[in-house]
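Below, all heavy atoms of this structure are taken into account, side chains as well, without hydrogens, waters or symmetry copies. One is the number of the first residue; the rest follow in order along the sequence. Since the model is a prediction, treat every value here as computed from it, not as a measurement.
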Amino acid sequence: MKRFLLLMLCGAVLLGLCSCGVKSAQEPGTAAPVDTEFVSDDGTIRVRLHGSDADDIPAAMPVLRARPQVITLGMARRMAKGVFGDAEFFEFSEELSKAEIADMISVYEYAVTDEAIRATHGDAPQAWIDSVRDARLNILEYYRNAYAAARDEVTPVPCLWRFWPVEHYSVHGHDYAGTDPSYTDDIPAGVSVDLRAVTTVDGVPYELWVNNNERADFRNHSLSIFSLVPDELLDSCSGDERTAREREWLAGLGLLSAAPADEAELDAACERAARLATDMGLGEWRFTANAEEWAGGSGGWQIALTGQPVYEGFPVSWRNPSRDTSDLERMTIHTANDGSLIHLQYVSPMEIISVEEPAAPLKTWDEISKSAAQAMRGWGYDTLISNYASEKVWWDEVGAVVSDVSVDIDSVRVGYACVPCGASDYLLIPAASFVGTLDVTGSIPGVHESPMNLLLDDDGRRDAYLTIDLRTASALK
């Protein structure tokens, strides 16, 4: 698709344009934002804008039309090969042998009795007891029907590379009779289908999971790859013991590192991730990385990477106005410091279907800065705190006194913002993202007199950002 985009942009030469003109910097004097500080119009929020880390604004950029893309079987196989090379894949399955199904029949024949239901649900109303019995009777019937078609011995089935209804992979959903419908690339509207497969690479078991959700309320197309912790390892344990077992298993396979990655290792991780995206057939991507302690401080370190697709040298921001029925295209990857894969997720692939404007002229930094400052002066608590109503309830309940609310904008990124256009398409428009953090500090008289964070987050900080359309210098809502 990016090759198609290149051909469309090259056609701009016929109009007297050239690709270097699209990406050239503006004339001298269009300086980036300078450090400045001001207070919101309602007097409640102090805003500090640090202009030292700001991208250049080019003279012009293309405006592109994009459309959510179903992950085809060809894409799924190409991405799998890009990650795992020539590794062999097998169907993910909850299949049981004939003897195991006989055991399940015995279990559920008892589970539907009053004695068994009352043992777990006590004095629940009879209507509830009946609903539990009906659910268990359905499972019992499922296993009785499955028994005749079940195999005496379960052996792995090579991956069929087909999409199946999501129920196909459920614990009580294996298709023993072989009657489930499968799909290739023509996914019917209104359904959600999966392709799930497993493989083992360098001693690590992985699951590959592709979902195409074509339901009207939420369209989703995603690929997830993750190390597959054996069920028996985590059976009969929970809480801290479960976390400890999983950590030991990951560390034993070299998937956790003893110390946080340094800057050189983080840079190398970004380069590896960009190459991986190319190997997966996804074109150019840009990644950021940080060292992250596994399971919120339970010991062991990993590298967390977040990726943005890049078109014509500019990344598509994930800090965009909300999209109604699908997520923003992005990729997240977790690895050990040496690059060993722990988890990868790629969501909402987009395809460029047209170039709406080959070289849209852009505003200067002076115009953009003035517009951004004006928009930020209109900020209030309800603008910056998404769940402000619940936060305020807590503040009122504990008698919190707010002493300072501040926003630090510490970087300004130039790229594309994704905005809805028509029934299902989106426009990638040139935009500047002012990215920073929100801090709310105060005290609780008689309880905590010294300054403390008053946000309900663990670290007391929230992202704060503003997106400006570079064509018009207007804030995107």
Side-chain angles (χ1 to χ4, degrees), residues 90-157 160 162-182 190-198 205-209 211 213 215 217-218 220 224 226-250 252 295-296 298:
F90 297 90
E91 287 285 303
F92 175 90
S93 174
E94 296 286 356
E95 181 182 6
L96 300 177
S97 67
K98 191 178 287 288
E100 290 171 323
I101 291 177
D103 291 340
M104 295 302 294
I105 291 173
S106 297
V107 167
Y108 276 92
E109 283 178 338
Y110 172 70
V112 299
T113 65
D114 281 344
E115 179 184 22
I117 297 174
R118 290 291 180 187
T120 53
H121 294 275
D123 296 327
Q126 187 60 44
W128 177 260
I129 298 296
D130 291 342
S131 69
V132 172
R133 190 192 324 278
D134 289 343
R136 294 180 179 181
L137 282 169
N138 287 336
I139 296 173
L140 176 59
E141 182 181 9
Y142 164 78
Y143 281 120
R144 284 173 172 168
N145 292 335
Y147 183 82
R151 296 189 289 173
D152 291 330
E153 182 180 356
V154 175
T155 55
V157 176
L160 300 175
R162 286 181 171 271
F163 292 111
W164 303 89
V166 292
E167 298 79 14
H168 179 83
Y169 295 104
S170 65
V171 174
H172 306 302
H174 181 77
D175 182 25
Y176 292 94
T179 57
D180 282 353
S182 64
V191 304
S192 182
V193 297
D194 287 339
L195 185 163
R196 298 176 65 179
V198 294
Y206 291 97
E207 180 175 346
L208 177 146
W209 189 336
N211 172 254
N213 186 344
R215 292 171 179 156
D217 57 340
F218 181 74
N220 175 71
S224 295
F226 47 89
S227 51
L228 197 57
V229 183
D231 289 338
E232 58 271 20
L233 182 70
L234 304 180
D235 285 346
S236 69
C237 69
S238 60
D240 292 342
E241 183 182 356
R242 183 184 182 94
T243 300
R245 287 189 184 184
E246 187 171 356
R247 179 180 63 246
E248 183 178 359
W249 181 81
L250 290 167
S298 297

I'd like to know if the side chain of [X] reaches the main chain of [Y], judged simply by a donor and an acceptor atom lying under 3.5 Å from each other, with no hydrogens or angles considered.
{"X": "Arg118", "Y": "Thr113", "value": "no"}
{"X": "Arg162", "Y": "Ser182", "value": "no"}
{"X": "Glu95", "Y": "His174", "value": "no"}
{"X": "Asp180", "Y": "Asp175", "value": "no"}
{"X": "Tyr176", "Y": "Leu96", "value": "yes"}

Flag the pair [X] / [Y] as yes when at least one side-chain heavy-atom distance between them is below 4.5 Å, and no otherwise.
{"X": "Val193", "Y": "His168", "value": "no"}
{"X": "Leu250", "Y": "Ser227", "value": "yes"}
{"X": "Leu208", "Y": "Val198", "value": "no"}
{"X": "Asn211", "Y": "Ser192", "value": "yes"}

Exercise: identify the closest heavy-atom pair between [X] and [Y]:
{"X": "Ile129", "Y": "Ala124", "result": "CG1-O, 3.8 Å"}
{"X": "Val154", "Y": "Ser97", "result": "CG2-N, 3.4 Å"}
{"X": "Leu160", "Y": "Glu91", "result": "N-OE2, 2.8 Å"}
{"X": "Arg136", "Y": "Tyr108", "result": "O-CD2, 3.9 Å"}

How far does [atom1] of [X] sit from [atom2] of [Y], to the nearest 0.5 angstrom?
{"X": "Arg151", "Y": "Ile101", "atom1": "CZ", "atom2": "CD1", "result": "10.5 Å"}
{"X": "Trp128", "Y": "Ile117", "atom1": "CH2", "atom2": "CD1", "result": "11.5 Å"}
{"X": "Tyr142", "Y": "Met104", "atom1": "OH", "atom2": "CE", "result": "9.5 Å"}
{"X": "Leu195", "Y": "Tyr169", "atom1": "CG", "atom2": "OH", "result": "5.0 Å"}
{"X": "Glu100", "Y": "Glu153", "atom1": "CD", "atom2": "CD", "result": "10.5 Å"}

So Trp209 and Phe226, would you call those rings parallel, tilted or perpendicular, with 30° and 60° as cut-offs? tilted
Around atom CD of Glu248, are there more than 12 heavy atoms from other residues, nucleotides or ligands closer than 6.0 Å? no
Take atom CD of Gln126 as the centre, draw a 6.0 Å sphere, and report whether it contains more than 12 heavy atoms from other residues, nucleotides or ligands. yes
Between Glu94 and Arg196, is there a side-chain N and carboxylate O pair less than 4.0 Å apart? no
Can you tell whether the side chains of Glu246 and Arg242 come within less than 4.0 Å, N to carboxylate O? no
